[in-house]
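Taking it in order: structure first as structure tokens, then the write-up.
In what follows, chains carry the letters A, B, and so on, assigned in the order in which the sequence lines appear, proteins first and then strands, with residues in each chain numbered from 1.
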Amino acid sequence: MRYELDLFGEHITLLAERALFWHRHRWLVAGDLHLGKAGHFQRRGIALPSGSQEKTLARLDALIKTFHPERVIFLGDLFHSARNREWEDVREWLSRHPPLFTLVMGNHEILPERIYTEMGLDCVTVLEQEPFVFRHEPPLVGSAATERDGRVHICGHLHPSIRIAMAGRQRVTLPCFHLSGDVLTLPAFGDLTGRHRIQPQAADRVYAIADSSIIQIQNP
Amino acid sequence: MSGGKRNSSPLEGPLLEWFARKGWTPFSFQVRTWEEEGSGKDGLLLAPTGSGKTLALFGSLMLRALGAGETGAQVTGVKGAKGVKKPTTATDAKATDGKGVKTPSPPLPLTLIWITPLRALAKDLEANMRGYVEDLGLPVSVERRTGDVPASQRQKQTRRMPTVLITTPESLHILFASQNHSDHFGHLATIVVDEWHELLGSKRGTQTELALARLRRIRPQATLWGISATIGNLEDAKLALFGSEEAARSAVEVRGDSPSRTEVSSILPDRIEEFPWSGHLGLHLLDKVLPLLDPPGSVLLFTNTRAQSEHWFRSILDARPELAGEIALHHGSLTQDIRIWVEEALREGVIRVVVCTSSLDLGVDFSPVDRVIQVGSPKGVARFLQRAGRSGHSPGQTSRIFFLPTHALELLEASALRQAVEEGDLESRQPLHKPYDVLIQYMMTLAVADGFQPEQLFDEIRSTWAYHDLRAEEWERLLGFLLTGGPSLQAYSDYTKAERDGDGWIRVVDRRIAQRHRLSIGTIPSDTMLKVKYLSGGFLGSVEEWFISRLEPGETFWFAGRNLELVRIHQMTAWVRRAKGAPGVIPSWLGGRMSLSSNISNALRRNVMRMGALLGESSGEVAPDMDAEGEALRPILEIQKRWSRLPGPDDFLVERSSSREGHHLFFFPFEGRNVHEGLAALVATRLSRLSPITFTMAMNDYGFELLSDQPTLVDETILRDALSPKGLVEDMMASLNMAEMAKRRFRDISRISGLLFQGYPGRQHSDRHLQGSASLFYDVFREFEPDHPLLQQAMDEVLQQQLEEERIRQVLDRIARQTIHVIDTPRFSPFAFPIYVDRLRAKVSSETLADRIRRHQQQVRSEFTPTSEDRRS
């Protein structure tokens, strides 16, 4: 299911697949895939099963087929760590697609930029496209980057999730999109990723992903 | 060679003279242990803490050393060989030289390994043993090798081992992770496992079994002795210690002198109406406790949790400021220095009152106190008796313990406890069966040292009781885990952990993997702990990270009996200074949610049923056979009867009520928290099949609650089905909560087996990309390798150890014979209320998540105007 959002005059679709689609430029945006994570663990003697990466890429494939995006923007932490054999699958996957991928470098991108460029990724530190700024880490509150310039920062990095308390003392924690002031944080797209529970402010808007639905949380 | 030369020596030799000089007479069990051990037999010594059990087994070493001192020869005392040389007058002369002239001979090689569950005990043991050795001028060195011994000291030991090595199961395994470790044990004569009942039933017990198998393969001549308190299943304890039925049969059993009588008195409130229906602190009875703390005499006040001990300590001091200086606090999160100081100060009479937790359950040289107070349910008969035994130690004397119920219904437990104590109905501790995680860790331990030869190690491991029926295919699977990572890894993965060399030996080559393994040996689960230190210097103890992280700098909290202000958190340390003003929050450590043992819950249930029978028909009259606690509780039981029902032996009570929170169903099997957890999940799962519904569940030791935001249509027939023993395991496995519980179990399993790397506390490391959460790993395994042995282990642990499937079956069989009474109550009954206020909840649902959230949002929508610029497609 999808959630249509009017964000500062722009038509944005939030996707339960944990990505968003920006209609004006037909950009598909996803954060924190953490590819090669199982391989990284395996190389260090921790027998984490493979398979998550394949699932993550298959989900991205399906989205590309549905939306035919002009560009796919990765909001950083596309890769979990240093190279390992799982990267070969990523390289092969990228080569099957036309060059439409932009990587906003994240803190997990620890290798020299050319390594990523050689795989067919356009690397940038920050990507600006009015009225949005795409970056990995949300800007610190009060820093120069968040001075009101009418732009919205679209970020990853935090892997946000929200805890919902319901009647009957029921509680669930779900991955979510988190809009706080002029910062929109995306949930982690990767299947092998952890979560960070957010404590939203009263004015924030939180869109939780419940299985295949997106629900805006009232009174987050 | 039973009897033989050695037989008479303990009774005639210098050891006895030394006893005489000390003004001691050896207990008969000590002499018997010297004889049996000296003749090369294995055995189990059953003696309570503080009874002289240390000398019973250390005496043998002393005899050996006396013999060796005489000839300057190597220590013998080996099975089948000639016994220790009979000491002669030459040694006597040395031994009786009261000036303590240093013996010129160098200390003997490693002769005795003493395994103890607690580091703190190791320190006490070391001091005691050194005292004996110096007194007799023996060529014996005594040293500890535990986690808190400096690395430099441990390195020195690796070059030359002391004669007596006091260690823990973990430290012994760490020693096995070093190369050429078998060289140390060439002269080993005796292995002692102290407090075996504490280790048994835990993964540390399994670790001990593995260590024993290794030591006995390296040095088959060494004797093996366990020391244990009495438990309900001594036969299992022997099997696990000696490894096989045959070995357990040929081992001797030596019993210490008969335990003292125990007298239990309850601290009763004046008016039951003032007694809370729920709660766990018990402070409302403070006024009744204060007179018990008055001089003369020393007092131990046991609480069940560290937080509770802090609360009590603070409240006692508030009420009786003049006790300052005479009262101290003792719990597991305080530094060892503080704890040792408290123990010594109590021994020397500097302090008189100690508020403590299970941290004082064990201890070697602990002088008896005059009074023991137990606050709240001790949850087990054995633990209760052990605590009672802290008073009036000597055989024949009476131990007195005061039981303080923290809420009304706990009064029922008081009579149950007394009953169980009288019947001597002690709990069993089941040794673990084939925990894969412990075995994987152990295989890695050997692989980082000299490596291992799989066939040989398989035999060695099968010589333990824990793994005696380990199948070859299981073994292959675990080997595969080390060598290839398992079937779910991609064929071309560059997995490395251990490698097999040309000769078939398995070793770890990668030094970083080896290093990581050495640092994570052990089976004790650890939450991330932060040290609490004064800015001005001084280390107070540790608290869980999640507690401290809720505090802002400048806020105050109460810890180690002091009011502290948090200044900052830096590198795993919470820096504090003393705070003035009102005391702050008290950390609540996780844990302390122990379940009632089956022994107590049986007695408790009998007690409830008896009350039901007594009060059922003839209300108003004084019931015969009513004890003081029953009489005190009577008004509350009358309310229970008026509002609901007092179940008799043939009744099973279910209460139904509603509140602002939703619709409640309460069930009362009186079987202990663990069994209720399983039952709640089972019943919720079965009821949720009838219609889409979500339950949250709560439980205590008396019953459990299912709460839903929708009314449930239940009647006797529906409940009869939901409580049927038919399809028990299938339905439990199908329950969502099983997955949640298995996930929690998997946390420890993945850490022990080396899957989960948590980083090194307080250390900068380059491996931060290797950190992950067990819950994420669990999901990954479930999806991509669902038959992974470690997942199976998690499930088995939940079913057998946590939920006690066998007990659940018994309960359901019993309920099947009872009449189910569903009673609508206008208010929460005295039985239901304590469950209702419990905030720890789990859930079972047959609705989709989205539906639940939407319904919830609709329920609150009236109070809220949604933002307008969004439109849903």
Side-chain angles (χ1 to χ4, degrees), chain A residues 1-7 13-14 16 34 37-55 80-82 84-86 88-89 108 110 164-172 174 191-195 203 205 207-219, chain B residues 481 485-486 488-490 492-498 508 510 512-513 516 661-663 694-696 698 707-710 754-757 767 769-770 772-773 776-777 780-781 783-785 788 839 841 843 845 848-850 852-857 859-861 864 866-867 869-873:
Chain A
M1 225 190 81
R2 302 168 191 178
Y3 199 101
E4 310 297 338
L5 195 63
D6 185 327
L7 193 61
T13 301
L14 305 182
H34 288 266
K37 187 168 176 181
H40 181 73
F41 277 70
Q42 291 165 8
R43 231 181 104 188
R44 299 290 194 284
I46 295 175
L48 201 59
S50 312
S52 307
Q53 169 170 304
E54 205 178 321
K55 216 177 133 194
H80 182 69
S81 194
N84 59 67
R85 295 224 177 136
E86 269 191 335
E88 294 312 313
D89 293 340
H108 276 256
I110 53 172
I164 305 166
M166 293 173 279
R169 287 183 188 166
Q170 300 170 17
R171 281 199 195 107
V172 284
L174 301 171
D191 287 273
L192 195 53
T193 53
R195 289 173 187 175
R205 278 189 278 159
Y207 307 90
I209 299 170
D211 304 326
S212 57
S213 309
I214 296 191
I215 297 163
Q216 187 187 354
I217 303 306
Q218 323 282 347
N219 292 332
Chain B
F481 184 80
S488 65
L489 267 63
Q490 277 164 351
Y492 59 82
S493 109
D494 39 11
Y495 179 81
T496 31
K497 198 171 183 104
V508 168
D510 187 321
R512 275 169 50 176
I513 290 176
R516 234 174 27 233
E661 290 194 306
H663 304 268
T694 302
F695 291 110
T696 59
L707 167 63
S708 175
D709 57 346
Q710 309 164 66
L755 265 181
L756 196 63
F757 174 66
D767 282 331
H769 287 178
L770 288 183
S773 83
L776 180 65
F777 281 24
V780 174
F781 275 103
E783 186 165 0
F784 300 107
E785 198 177 340
H788 195 283
R839 290 275 148 183
R841 304 241 153 190
K843 72 164 192 288
S845 177
T848 71
L849 206 50
R852 282 168 56 202
I853 297 170
R854 284 207 195 91
R855 186 154 40 75
H856 167 66
Q857 307 238 47
Q859 283 162 1
V860 296
R861 184 137 306 171
F864 183 78
T867 42
E869 69 215 72
D870 306 339
R871 34 180 214 278
R872 274 243 298 281
S873 70

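With a 4.5 Å cut-off on non-hydrogen atoms, B:Ile513 touches chain A through its side chain but not through its backbone.
A:Lys55 has its side chain within reach of B:Phe784: a pair of non-hydrogen atoms, C-beta onward, lies under 4.5 Å apart. Between B:Tyr495 and A:Ile46, the closest side-chain pair of non-hydrogen atoms is not below 4.5 Å. Counting heavy atoms from C-beta on, the side chains of B:Phe781 and A:Pro49 come closer than 4.5 Å.
With sequence neighbours excluded, the residues that form a side-chain contact (heavy atoms from CB on, under 4.5 Å) with A:Thr193 are A:His34, A:His159, A:Ala188. Residues satisfying the side-chain contact (heavy atoms from CB on, under 4.5 Å) criterion with A:His40, sequence neighbours excluded, are A:Arg44, A:His80, A:Ser81, A:Asn84, B:His769, B:Leu770.
Scanning all heavy atoms of the two residues, the minimum distance from B:Gly485 to A:Ala47 falls at O-CB, 3.3 Å.
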| field | Chi angles and distances behind the side chain to side chain contact (heavy atoms under 4.5 Å, CB included) call for B:Leu776, A:Lys37 | value | CA-CA 12 Å; B:Leu776 180 65; A:Lys37 187 168 176 181; 4.1 Å; yes
